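Naming convention: chains lettered A, B, ... in sequence-line order (proteins, then strands); numbering from 1 in each chain. Note that this is a predicted model, so its numbers are computed, not measured.
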2 protein chains.
Amino acid sequence: MGELAAAMGVQKGSLYSLTASKQELLYEALREGATAFHAGLDGIPEELPAGEKIRLALRAHLRVVAEQLDVATVFIREWRYLEGERRDEFVAERRRYEERLRALFREGRDRGELRSDLDEGAAALLALSAANWAYTWLDPGRDTDELADRFTAILVDGIRGYATR
Amino acid sequence: MGELAAAMGVQKGSLYSLTASKQELLYEALREGATAFHAGLDGIPEELPAGEKIRLALRAHLRVVAEQLDVATVFIREWRYLEGERRDEFVAERRRYEERLRALFREGRDRGELRSDLDEGAAALLALSAANWAYTWLDPGRDTDELADRFTAILVDGIRGYATR
DNA sequence: CTCCCTACCTAACGGTCGTTAGCATTGAGT
DNA sequence: ACTCAATGCTAACGACCGTTAGGTAGGGAG
């Protein structure tokens, strides 16, 4: 709170006429994060093939991380300092996001667009890991679309064998 | 330090006849982590094909995370509270580990075992992300070999098309 | 037996942090 | 013109935390 006040050019105590508590601020940052990440998925057209949807999902996720690195960091790492039922609420919201991502893989497999023996849990976790880990190394503001596409290319085609295009 | 002392059944102040500072403890935990992760890579036979080596590397990494979850968490998340030149030393050690992992992909491609257009940086990052993110969800002590193999299968063969075995 | 190192204790210091109380200023709406 | 809500200030609180000072008990080495 001290650093925040200093950055605002204001005394520490003055913050409390603007917010109820530090927990409240954390909660609001988390909601902002949830909104941003979900909005990314909302922007994906339903009718696209699975591979494309996964590519766009990765793009959207990485874009949020790069453009709102602070919010993303809170969403990915700092959420665990949230207490009480707000924490439960966040965890549920987070799970919902992960489930939406996993659904992309499951649907792709069930519709025959992805390999029939696909372990959708492992695949989604792999994608989510890359997406979530990015906050540790991504330069803020950097263009991430190309990077997301490279991740997707590896996810989709693997690393073995030869190029298919 | 208070919690540590309590867990040891000892007064807070008594810790300082056993260690110089909290930073010292953090540093030692980090070294333990570095040793464990590097030892995992050391155990991989040089003559194996690239896919196999990557599979074993992922197995080793996930095993460290599951068997030494506390050390792994410090290694992956808490290292940033280390200060001064010890921090620099750790960052270098960490980079060395990542470079060893990346080398597996690069060598695999250069030897013709992996696709010739492989982006080894992206591939290594994808694998490392999955490995590093695991500390957030892995149940401590759980058997992780099968999980590592599933990740590897997706990495190697991708999610598109049909099973090759 | 004596020395001394290790491990432990109690007590406190100095600092940080989130928060609160009480008060002053200001500006928009009635 | 008066009100009142928003915004800010100063000062302090209580709690926590890493660390230190100074002292005690005990056991092994010389």
Side-chain angles (χ1 to χ4, degrees), chain A residues 1-37 64-65 68-94 132 135-136 140, chain B residues 1-37 64-65 68-94 132 135-136 140:
Chain A
M1 300 302 276
E3 289 177 27
L4 175 58
M8 292 172 67
V10 141
Q11 294 294 106
K12 242 193 338 174
S14 306
L15 297 177
Y16 287 83
S17 52
L18 307 174
T19 189
S21 66
K22 196 185 179 188
Q23 284 282 313
E24 177 71 25
L25 290 184
L26 176 55
Y27 177 72
E28 283 170 26
L30 251 11
R31 293 231 309 167
E32 203 176 315
T35 301
F37 282 114
V64 173
V65 174
Q68 298 168 253
L69 187 52
D70 44 4
V71 167
T73 300
V74 170
F75 190 83
I76 294 170
R77 191 175 60 196
E78 306 299 329
W79 65 268
R80 59 202 182 91
Y81 298 108
L82 196 62
E83 297 160 0
E85 61 183 56
R86 282 185 176 151
R87 184 200 177 101
D88 301 337
E89 182 190 327
F90 168 78
V91 169
E93 189 68 5
R94 172 103 170 220
N132 280 337
Y135 83 95
T136 65
Chain B
M1 299 301 276
E3 288 177 27
L4 175 59
M8 292 170 67
V10 142
Q11 293 295 107
K12 244 195 331 177
S14 307
L15 296 178
Y16 288 82
S17 53
L18 307 173
T19 189
S21 65
K22 196 187 179 187
Q23 283 281 313
E24 177 71 26
L25 290 184
L26 176 55
Y27 177 72
E28 283 171 27
L30 251 11
R31 294 231 308 166
E32 204 176 314
T35 302
F37 281 115
V64 172
V65 174
Q68 298 167 255
L69 186 52
D70 43 5
V71 168
T73 299
V74 171
F75 191 83
I76 294 169
R77 191 175 61 195
E78 306 298 329
W79 64 269
R80 61 201 180 95
Y81 298 108
L82 196 62
E83 298 161 0
E85 60 183 58
R86 279 183 179 154
R87 183 200 176 100
D88 301 336
E89 182 189 326
F90 168 78
V91 169
E93 189 68 6
R94 173 103 169 219
N132 280 338
Y135 84 94
T136 65

task: For residues B/Ala72 and B/Val65, report the shortest heavy-atom separation together with the two atoms involved.
output: CB-CA, 3.8 Å
message: Using every non-hydrogen atom in the two residues, find where B/Thr73 and B/Tyr135 come nearest and quote the distance to one decimal.
response: OG1-CD1, 3.8 Å
Return the set of residues passing side-chain contact (heavy atoms from CB on, under 4.5 Å) with [X] (not counting sequence neighbours), or none when no residue passes.
| X | value |
| --- | --- |
| B/Ala36 | B/Val64, B/Gln68 |
| A/Leu18 | A/Met8 |
| B/Ser14 | B/Val10, B/Gln11 |

- request: Walking along DNA chain D from 5' to 3', note the first and the last nucleotide with an atom under 4.0 Å from a heavy atom of chain A, and give both.
  value: D/dT7 to D/dT10
query: Which residues, if any, of residues 74-91 of chain B bring a heavy atom under 4.0 Å of DNA chain D?
result: none
- prompt: For the side-chain contact (heavy atoms from CB on, under 4.5 Å) test, which of B/Leu4, B/Leu30, B/Leu15 pairs with B/Leu25?
  reply: B/Leu4
statement: chain B reaches DNA chain C, atoms under 4.0 Å from its heavy atoms, from C/dA7 to C/dT10
query: Can you tell if the side chain of A/Arg94 reaches within under 4.5 Å of the side chain of A/Phe37, non-hydrogen atoms only?
result: no
Side-chain donor-acceptor contacts of residues 81-93 of chain A below 3.5 Å, not counting sequence neighbours, with atom names and distances?
from, atom 1, to, atom 2, distance (Å)
A/Arg86, NH1, A/Glu24, OE1, 3.3
A/Arg86, NH2, A/Glu24, OE1, 2.6
A/Arg87, NH1, A/Arg80, O, 2.7
A/Arg87, NH1, A/Leu82, O, 3.3
A/Glu89, OE1, A/Tyr27, OH, 3.1
A/Glu89, OE2, A/Tyr27, OH, 2.7
A/Glu93, OE2, A/His38, NE2, 3.4
A/Glu93, OE2, A/Arg96, NH2, 3.0

field: Nearest-0.5 Å distance that lies between atom CG in A/Leu69 and atom CD1 in A/Ile76
entry: 8.5 Å
Interface with DNA chain C, restricted to residues 10-29 of chain B and to heavy atoms under 4.0 Å: B/Val10, B/Gln11, B/Ser14, B/Ser17, B/Leu18
